[in-house]
Amino acid sequence: MRGVTYTTPPTKLSSSTLEQLTIPHPSYDRAKVQIGIVHFGVGGFHRAHQAMYVDKLLEMGLASEWGICGVGLLANDRRMAEVMEAQDGLYTLLLEHPDGHREARVIGSIVDYRYAPDDQEGVIELLAAPTTKIISMTITEGGYYIDSAPEINVFGLVTEALVRRRDRGIGSPTIVSCDNIEGNGDVARKAFTTYAERVHPGLGEWMSANTRFPNSMVDRITPVTTPEVISTVEREFGVADQWPVVAEPFTTWVLEDSFSDGRPPYEEVGVMVVDDVTPYELMKLRLLNASHQALCYFGYLAGYRLVHDAASDPLFADFLLAYMDSEATPTLQPVPGIDLDEYKHTLIERFANPGVRDTIARLCYGSSDRIPKWLVPVIRENLKTGAPIRLSAAVVASWARYAEGVDEQGEPINVEDQLADTLVPIALSQREHPTAFIENTEVFGDLASSQRFVDEYLWALDSLHRHGARATLESLRS
């Protein structure tokens, strides 16, 4: 079941053409929506997730003061700025259902967009405005290293704005991290206050007293927009959109109810607003995110390039469920309102959704940020309690084998990682020095000092070298 195939030219998306569209689109008056949220890092995920929730609230007439202004910082954000300007901030959200049908809606909650390198002062003043009550971000797991931040960065812009707010007697906004980091609000608090105190002594103390950093857990698989997605939106829904976003229908947002100056009524559109996010974030990071890591390196080495193909393979599905059941779940806290068994099986179904067409390469990207945050904590906890670590150690070994930069057919692998220049040479040395990869303390800390972990890791790495990914997974089944 697909959309109607349009034979007439698609309608170019903009505010002036909304009423010509046949798909759902904003019925609210976007000209009357006030900016209350400034978001750094407007990529596919933000547009499929947080902006979608605000759009729902606007459609219900519940968030006229909570419109979003996106801010781009990086060189590749310039293209987003151009598209946002051309389309008046509008874009199409395309949902791919497992049964093959699609649905689309034009999202209107991003009512402005600024490219910071072209307008630093304007961005700072927007952040300093009393109407800006929330500053949110999706800047990736590696975006919180303040010492390696680019010259124009979120920390500098927000710090300058907070100085002005303090000096003008304006209260602090809430700073909301929506990145896949355990305790993301706590991580953001440390990064922002440390940076602020370094640049403006005394500001960190003011922030500690006035600025809230709620923790959050976000969940929606959102692959990169491809030319095929753009053509699908044109062909099946009659919309010429330069940068639509595609996502699975499943979505979750769990948000700590800790705000400096009010918030949208998120609970009205299905957001779980709770006192403690920790059980939910551990569930997501150690089940979904770590399972992505468990899937991607083995999958790539075995020849898979799309996530749904690997997840549909019973050998891989069994491996993921075994990891989740025997190693990840014992490290979790009770999760109120969640049936963990159902959640785990739903994850496999989501990974196997053929409509999403998520790539293995996307999951492999930035491993040195992801493995230490999502999988290593599982290993450490199970080492302490004597619980199994065999499957987790095998995942680390699969990453080490992948990082050699050559697949099992002898074809080159493009290892995309901020530490690739050091990781690849280390991985290439491990046939002579098998523990070289895990002796990298920058990534693994002292994990190589655990003989139990080393033994399991070396078995898996040797099996990958001798027999390959599939045979290794078959051995792990027994």
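Hydrogens, waters and symmetry mates play no part in the numbers below; they use all other heavy atoms, side chains included. This chain uses plain numbering: 1 for the first residue, then up along the sequence.
- Side chain of Thr131 to backbone of Ala129: no donor-acceptor contact under 3.5 angstrom is found.
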Run the salt bridge (Lys or Arg N to Asp or Glu O under 4.0 Å) test on Glu256 and Arg212 for me, step by step, so that the C-alpha distance in whole Å, both residues' side-chain angles and the decisive distance to 0.1 Å come before the verdict.
CA-CA 10 Å; Glu256 182 184 357; Arg212 301 287 182 88; over 6 Å; no
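- In this structure, the side chains of Ile23 and Thr92 come closer than 4.5 Å at one or more pairs of heavy atoms.
- Judged by a 6.0 Å distance limit and a 45° cone about the ring axis, Arg220 is not positioned over the six-membered ring of Phe250.
- A 6.0 Å sphere centred on OH of Tyr343 holds more than 12 heavy atoms belonging to other residues, nucleotides or ligands.
- Side-chain contact between Arg380 and Val376 is present, with at least one heavy-atom pair separated by less than 4.5 Å.
- A donor-acceptor contact under 3.5 angstrom links the side chains of Asp99 and His101, judged on distance only.
- Judged by distance alone, the side chain of Arg165 and the main-chain N or O of Leu127 form a donor-acceptor pair under 3.5 Å.
- Residue Asp275 qualifies as open at atom CG: its count of foreign heavy atoms under 6.0 Å is 12 or below.
- Residues Glu141 and Asn289 have side chains not in contact (no heavy-atom distance under 4.5 Å, counting atoms from C-beta outward).
- Within the 4.5 Å cutoff, side-chain heavy atoms of Trp253 are placed close to those of Cys178.
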Might you work through the salt bridge (Lys or Arg N to Asp or Glu O under 4.0 Å) test for Asp55 and Arg105, ending with a clear yes or no?
CA-CA 10 Å; Asp55 178 75; Arg105 172 180 168 82; 2.7 Å; yes
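- Defined by atom type and a distance below 3.5 Å, a donor-acceptor pair is present between the side-chain atoms of Thr251 and Tyr53.
- Between the side chain of Arg470 and the main chain of Leu301, no donor-acceptor pair closer than 3.5 Å is present.
- Taking the side chain as every heavy atom from C-beta outward, Val356 and Val307 never approach each other to under 4.5 Å.
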Start with the C-alpha gap between Ser367 and Tyr402, add the side-chain angles, then the distance that decides, and say whether side-chain hydrogen bond (donor to acceptor under 3.5 Å, both in side chains) holds.
CA-CA 11 Å; Ser367 315; Tyr402 170 90; over 6 Å; no
Yes or no on side-chain hydrogen bond (donor to acceptor under 3.5 Å, both in side chains) for Thr174 and Arg263, after CA distance, side-chain angles and deciding distance?
CA-CA 9 Å; Thr174 303; Arg263 62 169 175 82; over 6 Å; no
Can you list the steps and then say if Phe316 with Phe351 is a ring pair (Phe, Tyr, Trp, His ring centres under 6.0 Å)?
CA-CA 11 Å; Phe316 284 80; Phe351 294 171; over 10 Å; no
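- Checking Asn184 against Ser216 by side-chain atom types alone, a donor-acceptor pair falls below 3.5 Å.
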Please walk me through it: do Tyr113 and Trp243 pass ring pair (Phe, Tyr, Trp, His ring centres under 6.0 Å)?
CA-CA 14 Å; Tyr113 188 94; Trp243 206 331; 9.7 Å; no
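- For Phe444 and Trp399, the distance between ring centers is under 6.0 angstrom.
- Looking at heavy atoms from C-beta onward, Ser15 lies in side-chain contact with Arg30 at the 4.5 angstrom threshold.
- In Glu85, the CD atom is not crowded: 12 or fewer heavy atoms of neighbouring residues, nucleotides or ligands sit closer than 6.0 Å.
- Side-chain atoms of Tyr323 and Leu375, non-hydrogen and from C-beta on, do get closer than 4.5 Å to each other.
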Test side-chain hydrogen bond (donor to acceptor under 3.5 Å, both in side chains) on Thr252 and Lys284 and set out the steps.
CA-CA 10 Å; Thr252 298; Lys284 195 254 182 167; over 6 Å; no
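- Within the 4.5 Å cutoff, side-chain heavy atoms of Glu228 are placed close to those of Arg357.
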Does the pair Asp369 and Gln418 meet the rule for a side-chain hydrogen bond (donor to acceptor under 3.5 Å, both in side chains), with working shown?
CA-CA 8 Å; Asp369 280 331; Gln418 65 178 8; 3.2 Å; yes
